[in-house]
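Chain letters run A, B, ... following the sequence lines, proteins first, then strands; residues in each count from 1. Keep in mind that the numbers below use all heavy atoms, side chains included, and drop hydrogens, waters and symmetry copies.
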Number of protein chains: 2
Amino acid sequence: MAAYERIAGDLRRSIRDGQLKPGTQLPAETQLAEQYGRSVPTIREALRLLRDEGLIEKQHGKGNFVRKARTPVLRTNDRHQWEKDRVREPLEQRAETGATEHDTGLTVNDLVFHAAYSEAKAGEELAGLFGIPEGAALVERTYRTRYAAERAPFALVTSYLIRDLVAENPALLDADNEPWPGGTQSQLASVGIELDRIEERLFARPPTPEEAEELDLPAGTSVIQLRKTSYDTDNRPVEISFVVLPGDRTELLFTTPLERW
Amino acid sequence: MAAYERIAGDLRRSIRDGQLKPGTQLPAETQLAEQYGRSVPTIREALRLLRDEGLIEKQHGKGNFVRKARTPVLRTNDRHQWEKDRVREPLEQRAETGATEHDTGLTVNDLVFHAAYSEAKAGEELAGLFGIPEGAALVERTYRTRYAAERAPFALVTSYLIRDLVAENPALLDADNEPWPGGTQSQLASVGIELDRIEERLFARPPTPEEAEELDLPAGTSVIQLRKTSYDTDNRPVEISFVVLPGDRTELLFTTPLERW
DNA sequence: AGCCTCAACTCCTAAAGAGGACTTGAGGAC
DNA sequence: GTCCTCAAGTCCTCTTTAGGAGTTGAGGCT
């Protein structure tokens, strides 16, 4: 086994069994090099392994530190309730006071939204998912949701609607109407669409550099990529959202009721 | 910006826009070094970035290759149906023929199970989750599920039951009874437990080296860590499972029915 | 007190070089 | 034809050396 792997294993053990507590600074690379009788690049190789596993954090000019766990944001599939508490009611209160700050971002409770609308034509993937011809007109909404106290958003969302289905309510084509009062379900009801169920598909992967930048993800973290499809009562996809969530501070909670036997 | 970052960006672009197709071999490191006018270590640094992003794959002695996407296994929360089709019915057929191969692994359809049972005492975390005193007796079941055609399992599961709740059906304490005929829900019904719902909490992170080994995960992949809790109709946790899924070949699908408005 | 400078510490980028280990295919021995 | 050997290609590990860049605190200046 390579020297850097043995050293990494040694440090990993110390971190796991609590000898090196979260937040602790590791000895300097030159120190470790001397201690293990190896060159600095070899030590750095070992530290890189630990960083990629999410065990340590490198801070240029300061040192290497045992990473602290972050307390994740909980996202539930019983989201109606969640959105209602966190977003809609405060929003409706806000509406009464007449405050508006779209465009540059809208602060509701302790959440900040940034939304942008544009028109898009269905590509191959979206056409297939919606079951519509390629090139059909879609409304594309991209938004970021962020806690006011934090600098990075906790969700990157791009959402698509079939334009012709929602065109009769112009408010749905207007970014100033974001976030939607009453939520997706009630907004879509305004154009006669009744939702039946939501399907969420997800998997995990390392972030792209762009995502790492935007979500402020350190090395050694993952993202959850999620595709959410809302179906109407005729079993047709009405809204499709692509969501990227930071793995180090998101916990998803799904509750599935069981049929009794 | 550092030279290795520019080079990585350059290659990343080529991969994304399809100039370098999945499966293609990249030029040798010495070639790239000459091509970019940089030393080999600098090139290797760039390639490491791409590997950590999951874009390329290194093969010792052969070369660097653009990684191919894997087609993921779909796991749904409507799992009754899934398990029924894939596991239970074939299992019941098998039971009739009298074949048994527990212990060393049990092949049903094209799935292979490995299960091990042991007794455990509730530690702090599990006691809290179950709402029982620390030190209470639990049944611990660990199992691996694998497709017969593949060498690595697609799930690492450790599952806990409160021993006193299931003790009256000795079959539930016996690894030879694995996987459970009729599934969890019907097995628990045999000791008078009626399940009400399942809660699944999940997040994503890089794999530990042990997980990478066992799941045969290359660098540049993530795992999904999932905690599944089954509640009975008295709202008490009955079974708690800790699941680790390989991010590069698992897709989770959750369906949430909406209440009509 | 407040501010500035600077030295000392940290990690980061880059190079060149030596040897090792894995993979493959060509060529020869049988 | 089959098998073996071997060379050439690949990436991997480790060292030494050099300079750059971010962070912090001590000390002096104002």
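Arg48(B) places its CZ atom 10 Å from the C1' atom of dC12(D), with the value rounded to the nearest Å. If you take CD of Gln59(A) and P of dT23(D), they are 9 Å apart, rounded to a whole angstrom. Taking atom NZ of residue Lys62(B) and atom P of nucleotide dC11(D), one finds them 12 Å apart after rounding to whole Å. Atom CD in Glu57(A) sits about 13 Å away from atom P in dT23(D), given to the nearest Å. Between Ile7(B) atom CD1 and dT13(C) atom P the separation is 13 Å, expressed in whole Å. Following rounding to the nearest Å, Gln25(B) (CD) and dC11(D) (P) show an atom-to-atom distance of 7 Å. Across the protein-nucleic acid pair, Met1(A) atom CE and dC12(D) atom P stand 17 Å apart, rounded to whole Å. In this structure, the CD1 atom of Ile43(B) is 12 Å from the C1' atom of dA15(C), given to the nearest Å.
At a threshold of 4.0 angstrom between heavy atoms, the contacts of Glu45(B) with the nucleic acid are absent. Using a 4.0 Å heavy-atom criterion, one finds that Thr42(B) contacts the sugar-phosphate atoms exclusively.
Across the interface with DNA chain D, nearest-nucleotide mapping of Arg6(A) and Gln31(B) shows Gln31(B) to be the residue nearer the 5′ end. Residue-to-nucleotide proximity on DNA chain D shows that, of Gly61(A) and Glu29(B), the 5′-proximal contact is made by Glu29(B).
Under the 4.0 Å criterion applied to side-chain N and carboxylate O atoms, Glu57(B) and Arg70(B) are not assigned as salt-bridge partners. Taking 4.0 Å as the cut-off between side-chain N and carboxylate O, Glu211(A) and Arg205(A) count as a salt-bridged pair. The pair Glu251(B)-Arg227(A) does not count as a salt bridge, with every side-chain nitrogen at least 4.0 angstrom from each carboxylate oxygen.
Contact between the side-chain N/O atoms of Asn64(B) and the OP1/OP2 oxygens of dT10(D) is not found at any separation under 4.0 Å. Note on Arg38(B): a side-chain N or O is less than 4.0 Å away from OP1 or OP2 of dA15(C). Residue Arg44(A) has no polar side-chain atom (N or O) positioned under 4.0 Å from OP1 or OP2 of dC11(C). Applying the 4.0 Å criterion to OP1 and OP2 of dC14(D), one finds that Tyr4(A) has every side-chain N and O outside that range.
Between the base of dC22(C) and the side chain of His60(B) there is no donor-acceptor pair shorter than 3.5 Å.
Considering only side-chain atoms of Ala2(A), the nucleotide from dC11(D), dC11(C), dT13(D) that sits closest is dT13(D). When distances run from any side-chain atom of Ala28(A) to the nucleotides dC12(C), dC11(C), dC11(D), the shortest one goes to dC11(C).
Note: Tyr160(A) and Phe242(A) have perpendicular aromatic rings, judged against thresholds of 30 and 60 degrees for the angle between ring planes.
A donor-acceptor pair is defined here as one N or O able to donate and one able to accept, closer than 3.5 Å; no such pair exists between the side chain of Arg13(A) and the backbone of Asp17(A).
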